[in-house]
Protein chains: 2
Amino acid sequence: MGRMSVGERRSALVAAAFTVIATRGLPAASIRTIVAEAGMSLASFHYAFTSREELLDVLIAETTASERSAVLPGQISGHSLHDLFAEGLGGYLEHLRARPEREQAMLELTQYAVRSRPDLAREQYGAYQEIALATLELVAAETGCQWLVPAPTVARLLVYLTDGLTIGWLVDRDTDAARATIEAAARALSTLART
Amino acid sequence: MGRMSVGERRSALVAAAFTVIATRGLPAASIRTIVAEAGMSLASFHYAFTSREELLDVLIAETTASERSAVLPGQISGHSLHDLFAEGLGGYLEHLRARPEREQAMLELTQYAVRSRPDLAREQYGAYQEIALATLELVAAETGCQWLVPAPTVARLLVYLTDGLTIGWLVDRDTDAARATIEAAARALSTLART
DNA sequence: GTCTATACACCGATAGAC
DNA sequence: GTCTATCGGTGTATAGAC
């Protein structure tokens, strides 16, 4: 492996780590398998990071927010509140179906963070909720509706649903059931606002 | 350690494994730490189980359903649909607050199963949904209401919410926010039936 | 600066003493 | 039947050659 800056090496290792976690799971993501995935020697890892733990910290901080924010909105245009919820959650389900390994990896990283890096987990979860909140406020402004419960509460409910949908679909891969549940959720959620 | 039947030994090891996972996480639950928790010698493990994997299979099969079913209903008596949802989810939140390590362990076992024992995960998730469904049908019979969407779909939505609530509260431990979200969820869910 | 070689701890699993 | 002792393998991390 040729000469790389520390920054390049770190990026390459973070990307390789995510690939390994997505394809084989977090327990399989040892330093050895990560450097193998990145095509580096074992020792070069500790030239870029002081420990495996440090790499996981960076991985969580860099991926969680960007990954999830990339998923949400799409464009907004004049539909009903029900349709906006249904399209938003339906779009997420399509993303999940297209790249299940990615969301599985996110879930494993969240689990690890809750256990071993609680502050980091909290921070990322907060960022995630703010994205949901911003989307909801955009929706409210667009459709001219008003929330009957505080918007942050609706945002949190949306996050609950998204996490639950992720686990549920990853477990049984029942897309039809997931779609029907999204439809019911959209119907229920849309009653939390008045036009 | 005195003489025990294989059955006793298996039970003791399963219980010890759950304790270790709850307190220190699944990655820490090696055969060595499990037998230490159970006060046994290392070799006695393989007298009761052929492998660590086999113990985890038994652990998942035995705990998942019983753990979650023990949480749900309580008694039902003449409240509105809204109140029944709110009390059901609120009761689960109280259980989560009282024993966060247990639900954290359940989540880690689910994650492990999804990755390494997909059939087992599916089976347990199905059992979990059936419990939710049975509860909903009991509720419908009690309140005399009728679901506007299929009951299994409502059950799945309830499972999504429970899983999302679990992750959310474990991450930020914000009980007030969780309670407010449960209230909103109950309000939204109760619109899925007519009296 | 980057590699190979290695130190040392812990893993799952088993052999063999008692 | 139950233990101690040990095997082969892998983990993280580092020393030392180049």
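Sequence lines set the chain letters: A, B, ... in the order given, protein chains first and strands last, and positions in each chain run from 1. What you are looking at is a predicted structure, and each value in this text was computed from that prediction instead of being measured.
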Please tabulate, for the side chains in residues 21-33 of chain B, all donor-acceptor contacts under 3.5 angstrom to protein atoms that are two or more places apart in sequence or on a different chain.
residue	atom	partner	partner atom	Å
B:Thr23	OG1	B:Thr19	O	2.9
B:Thr23	OG1	B:Val20	O	3.3
B:Ser30	OG	B:Thr33	N	3.3
B:Ser30	OG	B:Thr33	OG1	3.4
B:Thr33	OG1	B:Ala28	O	2.8
B:Thr33	OG1	B:Ser30	N	3.1
B:Thr33	OG1	B:Ser30	O	3.0

Shortest non-hydrogen pair, A:Ala178 vs A:Leu165, comes out as CB-CD1, 3.9 Å

Among residues at least two apart in sequence or on other chains, which ones pass ring pair (Phe, Tyr, Trp, His ring centres under 6.0 Å) with B:Phe45? B:Phe49

Can B:Glu62 and B:Arg10 be counted as an ion pair, charged N to O under 4.0 angstrom?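 Here B:Glu62 does not pair with B:Arg10 in a salt bridge, since their nearest N and O are not under 4.0 Å apart.
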
Answer yes when B:Glu94 and B:Arg179 have at least one side-chain N-carboxylate O distance shorter than 4.0 Å, and no when they do not. yes

How would you summarise protein contacts on nucleotides 11-18 of chain D per nucleotide, using B for base, S for sugar-phosphate only and - for none, with heavy-atom distances below 4.0 Å? BBBBB---

